Amino acid sequence: MLRLADIVVHYGDREILHGVDVAVGRGELLAVLGANGSGKSTLLKAAAGLTPAARGSVTVDEKPRGIRDTALVFQKIHLVGRRSALDNVCAGALARLPLHKSLTPALFPRDVREEAMGCLERVGLANRAHDRAGSLSGGQQQRVAIARALCQRAPVVLADEPVSALDPAAAEQVLALLAQLAHAEGLAVLAVLHQPDLARRHADRIVGLRDGVVVLEGDPNQPVDVLYENREPEVATP
Ligand SMILES: Nc1ncnc2c1ncn2[C@@H]1O[C@H](COP(=O)(O)OP(=O)(O)OP(=O)(O)O)[C@@H](O)[C@H]1O
């Protein structure tokens, strides 16, 4: 369903992705692994339409990716901390509300609030719907962010290091949730991860990037050392 074909991305004169092919099926969690600077986030941004590709195509169900096809979940959880969890999830529906309603998000229509409550149920947080998002733990906030992505009704969820800021137990829980949503609801989930162990436990398949090239693909239990060995350290930009 999500297919990235022959993706080439440049930043300035530098080619970062050199013709990458990745496909994620419905009902599948695909983990993208690779060392710092290997191009994982760039690949995800290309999938989201946030980075123009110099070459290649991104399709969903064999049609060019539309803006409503993909929902994003980030490492840094962008919730409005003083609003309720429910309001934050309702915001996922903004793109499909008529303009006058999206300009007054304090008054989300009842059907949107009901749908958002359903999304919170799906991530196991219906009982916290009316709590301020800022009062929830990091893992809970990430689950609210996932509920907001569900409320977008996108068939593809793109998650950029969704558990990097979480403690080990919360990380397991959030990845298990993403896998369950993929399997139970037929979503295509592409998650950039830094932890091969988590990919082994939760992903259906992995793709390994090294210097902008796919160097391994398939079984999450395969050795992934080649992704991380003999590398020059990334030079930090000032
Ligand atoms: N906006 C940008 N402008 C210029 N170069 C960039 C930009 N974003 C990323 N890069 C460079 O592209 C390369 C790939 O970066 P990317 O963030 O995709 O890697 P990554 O595998 O996600 O790394 P990390 O694990 O550190 O997040 C790096 O060398 C990075 O410095």
Side-chain angles (χ1 to χ4, degrees), residues 2-24 28-58 65 67 70-78 138-139 141-142 145-146 149 156-168 170-172 174-175 178 188-218 220 222-238:
L2 172 70
R3 182 174 296 277
L4 293 100
D6 194 25
I7 297 289
V8 173
V9 171
H10 297 270
Y11 286 129
D13 293 340
R14 227 175 118 207
E15 188 171 293
I16 305 295
L17 298 180
H18 312 290
V20 171
D21 294 303
V22 170
V24 194
E28 183 177 53
L29 169 58
L30 177 82
V32 181
L33 299 173
N36 291 131
S38 56
K40 304 178 298 296
S41 295
T42 302
L43 181 68
L44 189 127
K45 285 184 192 141
L50 297 174
T51 296
R55 199 177 77 206
S57 63
V58 181
R65 189 201 74 92
I67 50 170
T70 48
L72 284 161
V73 176
F74 299 99
Q75 172 187 356
K76 200 162 180 313
I77 306 162
H78 302 280
Q141 290 191 31
Q142 192 59 294
I146 292 168
V156 177
V157 174
L158 303 170
D160 196 1
E161 297 182 32
V163 299
S164 292
L166 303 181
D167 69 42
E172 294 285 347
V174 163
L175 266 181
L178 286 171
V189 182
L190 184 153
V192 168
L193 293 181
H194 266 297
Q195 306 90 331
D197 281 356
L198 284 175
R200 219 167 279 134
R201 285 197 287 282
H202 299 285
D204 299 297
R205 267 191 319 125
I206 58 171
V207 157
L209 277 182
R210 184 169 169 139
D211 299 328
V213 174
V214 174
V215 293
L216 58 85
E217 180 165 15
Q222 67 187 285
V224 295
D225 305 346
V226 66
L227 301 177
Y228 304 103
E229 63 199 11
N230 301 328
R231 289 183 48 87
E232 298 289 322
E234 269 274 297
V235 181
T237 36

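Here, residue 1 is the first one in the sequence, and each next residue gets the next number. Whatever order the structure lists them in is the order used to number ligands and atoms, beginning at 1. Since we're looking at a predicted model, the values are computed, not measured.
- Considering backbone and side-chain atoms together, K45 places no N or O closer than 3.5 Å to any N or O of ligand 1.
- Taking a 6.0 Å sphere around CZ of R3, one finds it holds 12 or fewer heavy atoms contributed by other residues, nucleotides or ligands.
- Residue A35 approaches ligand 1 through these ligand atoms, each under 4.0 Å from one of its heavy atoms: 21 (O).
- In terms of N/O distances under 3.5 Å, ligand 1 is not approached by I16.
- A distance of 4.5 Å separates CG of L216 from CD of Q222, quoted to the nearest 0.5 Å.
- With a 4.5 Å cut-off on side-chain heavy atoms, V73 and V157 count as touching.
- Residue R14 approaches ligand 1 through these ligand atoms, each under 4.0 Å from one of its heavy atoms: 29 (O).
- Evaluated by nearest non-hydrogen atom to atom 20 (P) of ligand 1, the leading choice among H194, K40, R210, E161 is K40.
- Each of V32, V207, L17 was scored for a side-chain contact (heavy atoms from CB on, under 4.5 Å) with V214, with one residue passing: V207.
- Residue G39 holds the heavy atom nearest to atom 19 (O) of ligand 1 of all those in G39, G34, G212.
- Across L193, L227, V224, L29, a single residue satisfies side-chain contact (heavy atoms from CB on, under 4.5 Å) together with I206, and that is V224.
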